[in-house]
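Report on the structure given below.
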Amino acid sequence: MNGLLTLLVLLPLAGFLVNGLLGRRLGPVFVNIVGVGLPLAAFGVAVWAWRILETGGAEPLIETVFTWALIGDHAFEVSFYLDRLSAVMALIVTGVGALIHIYSIGYMKGDESYARYFAYLNLFLFFMLLLVLGRSLLVLFVGWEGVGLASYLLIGFWFQDVDKARAGRKAFITNRVGDAGFLLGMFLIFTAVGTLEMDQINQAFAGGLIPAGIATAVGILLFIGATGKSAQIPLHVWLPDAMAGPTPVSALIHAATMVTAGVYLIARMSGVYLEAPAASTLIAVIGLLTAFLAATIALVQTDIKKVLAYSTISQLGFMFLALGVGAYAVAVFHLFTHAFFKAALFLGAGSVIHALSGEQDIRRMGGLARRIPWTSGTFLVATAAIAGLPPLAGFFSKDEILWFALASGQGGSVWLWLLGSLTAFLTALYMFRLYWLVFLGRSRMAPEVAEHVHESPWPMTSVLVVLALFSVIAGWFALPHYLEGALPAPDLRFAWPILHWALILFAVLIAVAGVFAARHLYGNGGQRAEAIEQRFARIHRLLAGKYFVDEVYDRLLQRPWRWVSDRIFLRLGDRLLLDGSLHGLAALARRGAAGLARVQSGSLHWYAWMTLLGLVAVLIWMWRYV
Amino acid sequence: MTIETVFLLVFALGALTGAVAMFFLRHPMRVALALIGTMVSLAAIYAQLGMHVIAVFQILIYVGAVMVFMIYAIMLLDVRDRSFTERFSPLLLAGIAGLLLLLGVLVDGLLRGQPFPAVDVPPDVFGVGAFAIAFMDQFWVYFALTAVLLLVAEIAASAVIDIRRRGQDVAAGQAERENGHG
Amino acid sequence: MTAEGLFVAALPEHLLLLGILVILVIDLLSDRPREPFLPALVTVLAAAGAAFWLHRSGYIGAPFPGQFSVGPDALAAKAVLFVLTVPVLFLARAERLDSRVAMLLLASLYGAGLLLSADSLLMLFFGLELLSLPLYALVVLAFRRPESAEAAMKYLVLGGVGTAVLLMGISFTLGSTGGLSVEDFRVALVSDDLLARGAVVLVVAAFMLKAAVVPFHAWAPDAYEGASIPVTAYMATIVKGAVILALVRLFGDAGAEPELIAVLVALPLLSMVWGNLAAMRQQGFRRLIAYSSIAHAGYLFFALLGAPEGRFEAVTFYVIVYGLTNMLALACLPQGEDWLRDRLEGLKGLYHRDPRAAILIAIAMLSLAGIPPFPGFVAKFLIFRTVMEAGLVAVAVMGLIASYLGIYLYLRVIQYMFMSPAPAQVRTEPATGLAATAALLTLAAVLLVGVF
Amino acid sequence: MSEALALNLLLFLPVVGGILLLMLPERRPNLVRGLAMVVLLAQLALAAWLYLRFQAGVPGLQFETRLPWIPAWGVHYHIALDGLNLLLVLLTAFLGPIVVAGAFTSITRDVKLFHGMVMFIQFTMLGTFLAQDLFLFYVFWEAMLIPMFLIIGIWGGERRIYATLKFFLYTAFGSILMLAAVIYLAHTVLTADGTPSFAFADLYELGLGVQVQTLLLAAFALSFAIKVPMVPLHTWLPDAHVEAPTAGSVILAGVLLKMGTYGFVKLGFPLFPDAALLATPLIMTLAVISIIYGAGLALVQDDIKKIIAYSSVSHLGYVMLGLVSYNLLGVQGAIIQMVSHGLVAGGLFLMVGMIYERCHSRDLAKYGGLAKLLPAYSVFFMILTLAAIGLPTTSGFTGEFLVLLGAFNGAWPQFEQGVSHPLVLASLAVLGIVLGALYMLRLARRLLFGETRAPVSGLRDLSLREAGILGVLVLAVFYIGLFPNDLLQKTEQAAMEYQERMLAVRDGEIER
Amino acid sequence: MDDTTLLLALSGLLFVLGLVGVIVRRNLLVMLMFLELMLNGVILSLVVFTQLLGAEAGAVLVFLVFVVAAAEIAIAVPILLLLVRTGHTLDPGAYAGLKG
């Protein structure tokens with residue numbers, strides 16, 4: 001069945017074009033039909049394609065659309081590649097995407113630029129599908145940049161607010177830094193392998209034709225790209241600000257799909273990383289650090305979406321940890337589960353915000369459980385899932401990650417496991433802190449807000465329910481086994497089932513401990529927590545200030561660059577040196593002209609004397625007196 | 001030291017004296033007289049050298065025509081203003097410096113240069129008759145041309161003199177310049 | 001030499017002389033002054049035609065052996081100069097051509113003719129004098145401002161000095177080579193005897209003075225400014241061209257001593273820089289033309305550096321182009337009171353008052369600046385190519401850079417015409433029909449030359 | 001109709017148009033505009049036709065015309081198309097009608113003269129690209145200054161005189177030295193073989209000593225580099241752009257600057273390969289410096305036009321980088337990047353002109369939130385901005401990606417031989433995409449987003465005419481971004497010849 | 001030192017004196033006369049050479065110089081008259097209206 005993938009990619013694009021060009025005229029109903037219908041259709045097509053893939057015995061489907069450029073003997077083709085990995089990704093993207101479109105109907109109701117919103121959302125889907133389906137790194141990069149654009153547009157969706165616009169710009173620029181690394185990696189691959197088709201690249205590296213040095217370099221460069229997109233240290237700074245966008249956007253782009261592109265990229269390029277242990281180790285370390293630090297920050301955030309944002313960063317860190325130790329399938333597994341419960345959480349948060357007419361500060365919430373039961377219920381499920389309570393989704397994936405962090409033959413170590421577990425504990429802690437502060441305890445709402453708290457309309461709640469459901473069951477698919485064909489799995493250092501079971505038990509204990517710690521600290525209005533804050537005020541300030549990374553970047557990069565541009569380039573270079581010298585020359589000419597004019601004094605005597613001098617000069621010269 | 005040389009020296013001295021005198025005499029008329037003196041002594045030198053024709057012309061044309069015209073002009077333009085009271089221009093010193101420089105260079109060059117080897121000239125080549133013949137049969141074109149030149153000079157002079165009749169134009173022109181600049 | 005030879009060889013000169021006499025007779029016979037435009041024009045055209053015809057028929061003759069001879073080159077040069085005089089006549093008529101002016105112009109042309117076919121230094125000297133004597137009068141004849149007389153006086157005195165210098169050089173030549181023929185001078189050119197070198201350099205200096213090359217240029221700006229526009233045009237183009245062409249003829253196919261080469265490099269280069277710089281701040285159009293002509297004299301003298309065969313062609317072409325463009329510019333100046341036309345402010349906003357004139361002047365300026373596609377560029381190219389072929393690459397480069405200095409001043413004129421609003425008090429009428437015809441004639445010629 | 005004939009027609013159509021224009025009455029401006037439009041559209045049609053007829057993969061020149069012009073010097077009127085100038089000719093013809101249409105309301109003084117000058121400049125620019133004879137090339141190259149001088153000087157802003165004089169004198173200085181080189185070449189070729197010749201083909205053949213080559217290249221390169229402009233010879237550009245009328249800026253950014261890069265790839269490097277290879281590190285460094293320097297300057301400007309002007313400096317740095325990569329990808333990318341920049345920068349200047357027409361201010365601080373006031377305008381502006389950033393699917397990406405890939409690719413072998421600076425420079429150039437995003441998004445943010453602010457109230461959104469112009473431009477941008485292959489096929493042959501020529505010389509040197 | 005050198009030196013002397021006289025004297029008439037002095041110097045050298053080499057051409061040239069000198073004066077004097085009539089002085093320093 002040829003052309004299917006193309007169709008899959010083009011459906012959202014069509015939605016974008018139609019909504020973007022005509023949406024304003026055609027009115028919301030039409031916008032809904034197009035903007036939601038096409039993603040649903042896309043989901044259907046994705047399922048269909050997946051079925052074909054399975055019936056074909058997991059034999060990758062390749063679809064070449066057209067040749068983008070043919071230079072010398074290098075052909076840059078636009079072609080799609082569907083194997084189990086990309087199939088999973090496509091299903092997540094379209095599935096969660098479709099759900100969130102539905103949710104948005106309720107959430108964005110009455111927004112003045114409703115059509116624009118859906119247009120952007122469809123645009124995002126288009127690029128995201130390009131990203132996951134692209135066969136060559138080039139296509140992937142197109143999608144990669146495209147989703148960046150979409151997120152830029154959607155973060156700055158309410159552009160009237162300067163901060164939101166700025167947040168969008170920040171996201172784009174930060175991603176660009178990563179993309180620079182990505183590009184270099186791509187170039188290096190191209191020079192080394194001579195093609196950008198990812199399957200061929202993997203083969204080439206697996207074939208061991210490529211020197212290890214290059215493999216490592218490539219690995220690191222691509223990882224830089226991934227850190228940008230997936231908000232890993234040091235490029236994580238944009239994601240929290242990205243929460244400026246509409247909440248469904250945060251759910252779709254900044255939790256479920258786009259930010260996981262980095263994970264997908266590295267999983268996709270696993271062939272390279274098998275050859276580059278150093279790069280892998282780096283990934284693991286960075287990932288774990290990110291997970292831990294983000295978790296610590298999440299502990300003290302007071303904006304409901306910020307908390308979720310940092311938890312996203314943290315979870316992505318977990319995924320990278322898995323990638324780093326070679327458990328690619330596991331990483332994808334966590335990606336899969338995370339997509340659901342994190343989407344659920346965000347949408348729940350959205351529903352809360354919606355209910356509280358825009359309030360986002362968890363210090364002014366509380367006791368919502370009874371007021372908005374559906375939201376709180378689904379939120380609870382998702383929270384449990386992310387905290388890793390069995391038998392929910394997060395439990396399986398996270399547990400797998402921790403196990404491989406310890407046991408993987410590719411750089412697994414006890415330290416990774418220890419820190420990972422600690423982070424898991426923190427996860428449970430801050431998530432339940434959030435739940436407690438928002439839904440339980442006494443209400444700290446402003447009265448006028450309090451009176452018209454209301455449950456969200458059905459499109460939103462229904463989506464929440466579906467997502468919550470998946471948060472429960474997503475873990476039961478044994479995704480790693482499913483992906484074995486597509487992704488390499490690490491060999492284990494030791495295969496003792498007992499140990500594995502012990503660890504699982506330990507993980508559960510940790511999670512529970514986290515829950516209880518949360519209850520202990522925040523159970524009753526959180527005085528204890530405040531007490532602790534008083535005790536460790538400095539640490540608290542550090543965490544609340546997000547380790548002041550933004551400030552550091554501002555001091556170290558932004559301001560110096562502006563300073564150099566302004567003082568060195570503009571004032572010194574252009575104005576003083578270049579134009580200055582030019583004007584100097586001009587002035588010189590003017591002064592010379594004035595001098596000559598003075599010589600032409602009008603006095604006949606003087607003229608005659610000049611003539612005489614001229615004669616003397618030429619005579620002296622001719623007669624070789626000089 | 002033959003007698004010719006003595007004569008030459010004397011006349012050369014005369015010519016030089018006249019020339020130098022021209023510098024210091026205030027009244028143009030006196031300058032003119034000094035110049036005439038110089039010219040006459042030069043004429044004498046020419047005669048001495050056997051260039052009688054040229055000597056004659058020197059007296060006739062220069063002293064006879066040019067200087068007379070000059071003196072006429074001097075008498076016509078007897079203005080006793082700054083140009084009369086102050087003999088020297090501001091560039092006096094510069095002029096003197098230039099004098100020394102150019103003099104040094106020129107005279108030295110003249111003396112160090114190698115003239116074309118002298119040929120023995122038949123005595124009466126430059127006698128009036130001989131010269132006239134040569135002139136008429138070899139160089140007569142210049143005779144014609146001289147006529148043209150003099151005609152042109154006459155036209156030019158008369159034209160310039162004519163301008164006097166257009167004095168008012170000058171006044172008008174000046175007026176325009178004033179209000180033009182203002 | 002047969003009488004026929006006497007008649008034919010110098011036919012152009014004879015025609016000029018005839019013209020002078022005719023005009024003179026008319027002037028004498030008629031009681032009231034009448035405009036001698038037609039006879040003058042006919043004369044010049046006839047002379048030019050004769051020269052051209054002789055040139056075409058490859059006439060070679062020496063009616064006065066050793067004094068006066070004509071060959072294709074000389075005739076071509078004459079034809080060029082005479083033709084260039086036609087616009088001058090138109091310009092002169094535009095401001096009431098006086099019969100004496102006409103006669104003097106023709107006489108001066110006559111001198112140019114002699115100059116261009118001189119075989120002996122006598123003829124050279126005489127031609128030069130006949131060329132410049134009428135000019136002293138012509139400068140003053142446009143007597144609208146007291147400055148005219150001043151200009152004439154300065155020109156006269158310095159011209160007299162020039163004459164004396166030339167004579168000194170000639171007499172040196174006589175002394176060092178024993179003859180006064182052109183060949184003798186060429187002998188002097190290559191001999192390294194002091195007297196000979198003195199002779200050569202003095203003659204060259206005299207020519208430079210007549211062509212206004214720094215440092216012998218001092219008279220030029222004042223004289224040009226004092227003169228009337230047609231006379232300025234005449235001095236800037238025909239006189240300069242005649243002098244330089246005569247010098248080329250004088251040098252003939254002889255080389256030159258390295259010292260002389262150095263002089264021929266240094267002074268023209270100096271005058272390029274000097275002229276272009278000094279012209280930048282001029283407010284009077286004629287003065288601007290004067291300084292630019294000083295610079296162009298520099299380019300022209302550069303031609304002497306080239307190989308003998310290339311010189312004449314290069315110089316002639318340059319003279320044609322330069323002359324035509326100058327004429328074009330001067331012909332298109334708006335009419336009005338003399339001092340007013342002269343001021344550059346008078347040109348402000350000209351495009352809106354008289355677009356045709358503005359565009360023509362602009363073309364002339366760009367051509368003078370040597371910007372393609374206008375012929376000035378080709379001329380410049382030719383000159384500097386001759387220099388480079390002589391192996392003086394560095395000199396050529398320096399010359400080109402010096403010519404770069406000149407661009408600004410021409411742009412300034414264009415800027416005044418197109419980019420500045422017209423000042424209130426300036427009232428000038430557009431150029432008259434005569435000037436316009438002159439302009440169009442020259443424009444046609446310019447384009448013709450430019451495209452070959 | 002034979003292609004060669006069509007090519008001549010293409011070249012001389014503007015001249016005819018100009019002459020016709022002069023006959024029209026000054027007080028009927030719309031007639032003038034209409035005529036100009038018609039002529040330029042016809043020209044565009046011709047160019048498109050020729051583009052289609054142009055055969056890919058055929059070595060050498062196509063549609064050649066060669067007539068003697070100044071036989072004495074061996075100067076020929078010799079024009080032809082090849083892969084290098086094909087796209088630039090197309091671009092020139094493409095921008096012509098856009099310029100006229102864009103000036104429809106903005107130029108009200110001296111309409112006749114203006115359109116005459118547009119015709120004139122079209123003529124000279126096309127001539128420069130088409131000329132295959134050095135003399136002819138120089139004539140067109142230099143003549144181009146005249147109309148630009150007038151366009152900036154007559155219809156420009158307050159400091160137009162300063163700007164236009166700066167432009168003219170700056171560029172004229174380069175061309176004077178180039179003229180010296182041309183003259184030198186003239187008499188060299190003369191002495192090389194009996195018959196003088198200015199034909200590029202012959203000039204390619206003469207093997208000069210490295211010494212001479214270096215001097216000559218210096219002369220040529222100075223002139224080209226001023227036109228490009230490469231840092232540090234760029235300071236005329238911002239002034240010229242800021243003061244020029246919109247049409248002037250479009251021509252300037254769209255085509256004029258490409259003359260410099262075209263000169264490099266067509267003349268400078270192939271003519272003096274040894275010297276060029278010696279100079280490559282320098283040129284490469286300057287190119288990268290231009291990228292970064294321009295980006296930095298664009299970041300700190302508050303005049304919208306200045307921002308775009310400096311962005312041109314930055315973008316043409318990419319072109320130069322691609323040209324000196326001597327790698328097929330890089331060269332092809334450079335060619336595409338020329339066209340892309342022509343479209344994008346041209347479009348941006350048009351848009352600035354449109355907003356300037358409405359508000360009479362180019363001060364960024366005076367604007368904000370235009371996305372609310374002028375939605376359509378903002379959409380187009382955003383698209384062009386993204387194209388300038390080099391976002392995939394736009395032409396900017398095609399150019400920059402290929403250039404950078406080519407630079408990297410070309411630098412790698414040298415790196416393996418232990419020569420590391422090209423690789424470092426190529427990698428530095430990649431940073432340019434970050435800096436580019438920095439300033440362009442700053443512009444977009446300050447102009448389109450934030451709370452609504454505008455010097456005058458009651459702005460009306462794009463008129464149909466404006467929308468049409470921009471629509472065409474944007475279509476072209478996306479076409480090149482999505483389907484560059486067709487263009488690349490046509491240019492590939494020429495690019496390969498250039499690259500092989502340079503590489504042959506270089507490898508020859510390595511053997512020595 | 002023989003006669004020739006003496007006379008040549010004299011001619012050079014006169015020439016230079018003439019030129020310098022033009023420079024240093026503050027009276028137009030006098031300056032004109034100094035021009036004549038220059039010419040005389042030249043003539044002297046011409047005559048000397050002519051006599052030395054027996055070249056009639058030299059003599060003819062001298063004759064021409066006479067004529068030219070006369071013509072020059074004939075034009076110069078009216079110009080001077082005109083000048084004085086407008087400027088009322090013979091001081092060239094007063095005639096610096098044209099400059100720059």
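Proteins come first, then strands; the chains are lettered A, B, ... in the order of their sequence lines, and each starts at number 1. Predicted model only: the values in this text are computed from it and were never measured. The figures that follow rest on heavy atoms only: side chains count, while hydrogens, waters and symmetry mates do not.
In this structure, chain B has heavy atoms under 4.5 Å from both the backbone and the side chain of E:V60. Heavy atoms closer than 4.5 Å to chain E are found in the backbone of B:L25, but not in its side chain. Both the backbone and the side chain of E:F34 come within contact range of chain B, with heavy atoms under 4.5 Å apart. Neither the backbone nor the side chain of E:L28 comes within contact range of chain B; no heavy atoms are under 4.5 Å apart. Both the backbone and the side chain of B:F88 come within contact range of chain E, judged by heavy atoms closer than 4.5 Å. Proximity to chain E (any heavy atom under 4.5 Å) is shown, for B:A12, by both the backbone and the side chain. Within the 4.5 angstrom heavy-atom criterion, only side-chain atoms of E:L14, from C-beta onward, approach chain B. For B:E154, no part lies under 4.5 angstrom from a heavy atom of chain E. Within the 4.5 angstrom heavy-atom criterion, only side-chain atoms of E:L64, from C-beta onward, approach chain B. Using a 4.5 Å cut-off between heavy atoms, E:V47 touches chain B through backbone and side chain atoms alike. Using a 4.5 Å cut-off between heavy atoms, E:A57 touches chain B through backbone and side chain atoms alike. In this structure, chain B has heavy atoms under 4.5 Å from both the backbone and the side chain of E:L90. Interface remark: B:A34 contributes no atoms to any contact with chain E (heavy atom separation under 4.5 Å). Using a 4.5 Å cut-off between heavy atoms, E:V68 contacts chain B through both its backbone and its side chain.
Not a single donor-acceptor pair under 3.5 Å links the side chain of B:T5 to the backbone N or O of E:D3. Remark: side-chain polar atoms of E:R25 are not paired, donor with acceptor, to backbone N or O of B:S89 under 3.5 angstrom.
Here B:F23 is the residue among B:F143, B:F23, B:F139 with the most heavy-atom pairs under 4.5 Å with chain E. Note on E:E72, E:H88, E:R26, E:M33: by heavy-atom pairs under 4.5 Å with chain B, the leading option is E:R26.
Here B:L77 contributes atom CG and E:L81 contributes atom CG; the two are 5.0 Å apart, rounded to the nearest 0.5 Å. Distance CG/B:L106 to OG/E:S11: 7.5 Å, rounded to 0.5 Å. To the nearest 0.5 Å, atom CG of residue E:L7 and atom CD1 of residue B:I45 are 5.5 Å apart. Taken from CG in E:L37 to CE in B:M39, the straight-line distance is 7.5 Å, to the nearest 0.5 Å.
Heavy-atom contacts from other residues, nucleotides or ligands closer than 6.0 Å to CZ of B:R30 number 12 or fewer.
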- prompt: Given B:M70 and E:L29, is the side-chain contact (heavy atoms from CB on, under 4.5 Å) satisfied, shown in steps?
  reply: CA-CA 8 Å; B:M70 202 75 216; E:L29 283 165; 3.6 Å; yes
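Classification of the E:F63-B:F57 ring pair by plane angle, with boundaries at 30° and 60°, yields tilted.
No side-chain heavy atom of E:N40 sits under 4.5 Å from any side-chain heavy atom of B:T38.
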